[in-house]
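This report concerns only the one structure given below.
Here is how names work: the chains are called A, B, and so on, in the same order as the sequence lines, proteins then strands, and each is numbered from 1.
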Number of protein chains: 2
Amino acid sequence: MTTLHIVDDDEAIRDALGWLFQSRNVPVVGWPSAEAFLESWRPDTAGCLLLDIRMEGMSGLELFDRLLAKGCRMPVIFLTGHGDVPIAVGALKKGARDFVEKPFNDNELVDRVIDALAVDAEQREREAGQAGLAARLSTLTQRERQVMELVVAGRLNKVIADELGISMRTVEVHRSHVFEKMRVKTAVELTRLLSGAS
Amino acid sequence: MTTLHIVDDDEAIRDALGWLFQSRNVPVVGWPSAEAFLESWRPDTAGCLLLDIRMEGMSGLELFDRLLAKGCRMPVIFLTGHGDVPIAVGALKKGARDFVEKPFNDNELVDRVIDALAVDAEQREREAGQAGLAARLSTLTQRERQVMELVVAGRLNKVIADELGISMRTVEVHRSHVFEKMRVKTAVELTRLLSGAS
DNA sequence: GCGGCTATTGTGGATATCCGCAGAGTCGGC
DNA sequence: GCCGACTCTGCGGATATCCACAATAGCCGC
C-alpha cells in the first residue's frame, strides 16, 4: 500500500489523523503546509492526498491547482471545517476525489482513503505500461512511424507502398522493424497495443 | 440543439428560466414535478436536465437516483436555494454534471447548460455507433463469436484451429463470415472496431 | 574517410490468408 | 420428412505476409 499524505497546518489534527490511519495500517506522512508538500512533490510521488482547505499561507485549493498544473494526478480528498457549496463543487469538477466536512466519520474517511490509494496504484500501473509503450514508440524512425500508422489503419502493404510512393519490399522492411521494436508479432497485436486494449 | 428539461415545482421559476433560455435559443420544456418528468422519460429522451432539489413530492435528488437506475445518462445540473455540502458532493460523485446555488449568474448557467447539451449530443452519437456495432455483433453465431475473439486477440488461424479443435479451413470460413457480418475487410479493422477506436 | 544509422529496392522462397467449389452431419421448425 | 441454419472439412489456387540474402545511397559523427 502506498502512502497517505496529510497536509494540515494544525499539528494536533495531523497527529490525530496519523493515529487513525496508522491504526488501520495506512502509511501516513504529515505536512505542516501546502508549501512544504508542493516543494517536496515529485512526479513519482505515489499515494493520495488529504488536504485541509483553510491553512496559513497557501490554501489547500491553491495547492491542488498548482499540483494539477504540474501534472499531478494523485487522488485528492479535501477536508474542511467551513463547508461552502461552490468551493466543493469547483473542487470536485476540477477532479478532486472527495470533499469531506468536519466533523467526519472515521470509518468512512478511512474507507475513502483506502479507495483513493487503490485508484492511485491502479493508475500508476496503467501509466507505467504507457511509459514503456512510449519508450518503444520513440525508438521508431519517421518512416517506420508512418508505416506503422497505415498498418494500424488496416491498409494492406501494397496500398501503403502506393500511398508513400515506395516499393512493397521497403514497406515490408519497415513493417518488420516496427513489429520488432514494438515487440509484437502481428498487426492485430500492434493495433491492440496502440488502442490501449489489454 | 436538443432540449433543456427544467424540473421545478415553482411555476414562476420555470417561467423565468424558460424566458432566459429561450432568449438564448435553447429549446426548453418545463415540468412541474419530478413525478411528471419521470413518467414521461424514455431512454431516447435527449438533452439535459435542470433539476430543483427541494420540491413537493419527490425531490430532485430522488428523481436523479431513479433516472440513474433506469439507465438515464442525460447530463444533470442541480439548482438549489439551500446549499448543503454533503448533498452537493454526493450528487456530483453520483455523476451529476453541476450543482448551482441560487441566486445564480444567468450567463454562467446558460453556458453550463449549453455545454451539457453538447455533451449529451456527443454521447448519443457515440452510443448510436455502439448500437450499430452491437446489432452486427448479435448476428454472429456462437462459433463465429469465439473465432472473432481469438482473431482480435492476435492469434493466427492455425492456432485458433488448434485451440478450438477444428480444422484451419473451418476457422477460415467462420473468420470470413465474421468479416462479412461486421463489414470489415481485415483483422486490424475488426480490432479497431471492437476497441472503440475510430 | 570509415563506420553506423536510415531508407531504399530486388530475388526467391516459406507461410498465412482469402475464397470458390463441393460435400457432409446436426438440429429445430413447419 | 424436408428445409434452413449452423458447423465442419477438403482441395486448389490467388494474394498477402514474413524473411534471409544482397546491394545502393545519403547523412552524420568520430
Distance in angstrom units between B:H177 NE2 and D:dT7 C1', rounded: 10 Å
Nucleotide nearest B:H174 (side chain, heavy atoms from C-beta), chosen from C:dG20, C:dT11, D:dT7: D:dT7
Residue whose closest nucleotide on DNA chain D lies nearer the 5' end, A:T186 versus B:G165: B:G165
Atom pair distance, as rounded to whole Å: CG in A:L164 and C1' in C:dT6: 15 Å
Sugar-phosphate only, base, or nothing, as touched by B:K181 at under 4.0 Å among non-hydrogen atoms: sugar-phosphate
Short side-chain donor-acceptor distance under 3.5 Å, B:N105 and B:R112: no
Note, A:V28 side chain near A:W19 side chain (heavy atom, < 4.5 Å): no
Distance-only side-chain donor-acceptor flag, A:Q146 / A:R143, under 3.5 Å: yes
Shortest side-chain distance from B:I166, nucleotide among D:dC6, D:dT9, C:dT6: D:dT9
A:K185 NZ to D:dC19 C1', straight-line distance once rounded to whole Å: 16 Å
Presence of A:R169 side-chain N/O under 4.0 Å of C:dT8 phosphate oxygens OP1/OP2: no
Considering only nitrogen or oxygen atoms on both sides, find all protein atoms under 3.5 Å from nucleotides 14-17 of chain C and state each distance.
from, atom 1, to, atom 2, distance (Å)
C:dA16, OP1, B:K158, NZ, 3.2
C:dA16, OP2, B:K158, NZ, 2.9
C:dT17, OP1, B:N157, N, 3.4
C:dT17, OP2, B:N157, N, 3.3

Sugar-phosphate only, base, or nothing, as touched by A:T170 at under 4.0 Å among non-hydrogen atoms: base
Distance in angstrom units between B:E144 CD and D:dC8 C1', rounded: 13 Å
Residue A:T141, side-chain atoms from C-beta onward, closest of D:dG10, C:dA7, C:dT9: C:dA7
Under 3.5 Å: donor-acceptor pair, side chain of A:R192, backbone of B:V152: yes
Non-hydrogen atoms of A:F64 and A:A96 that approach each other most closely: CZ-N, 3.5 Å
Heavy-atom side-chain proximity of A:D52 to A:V7 below 4.5 angstrom: no
Any donor-acceptor pair under 3.5 Å from B:R155 side chain to B:L150 backbone: no
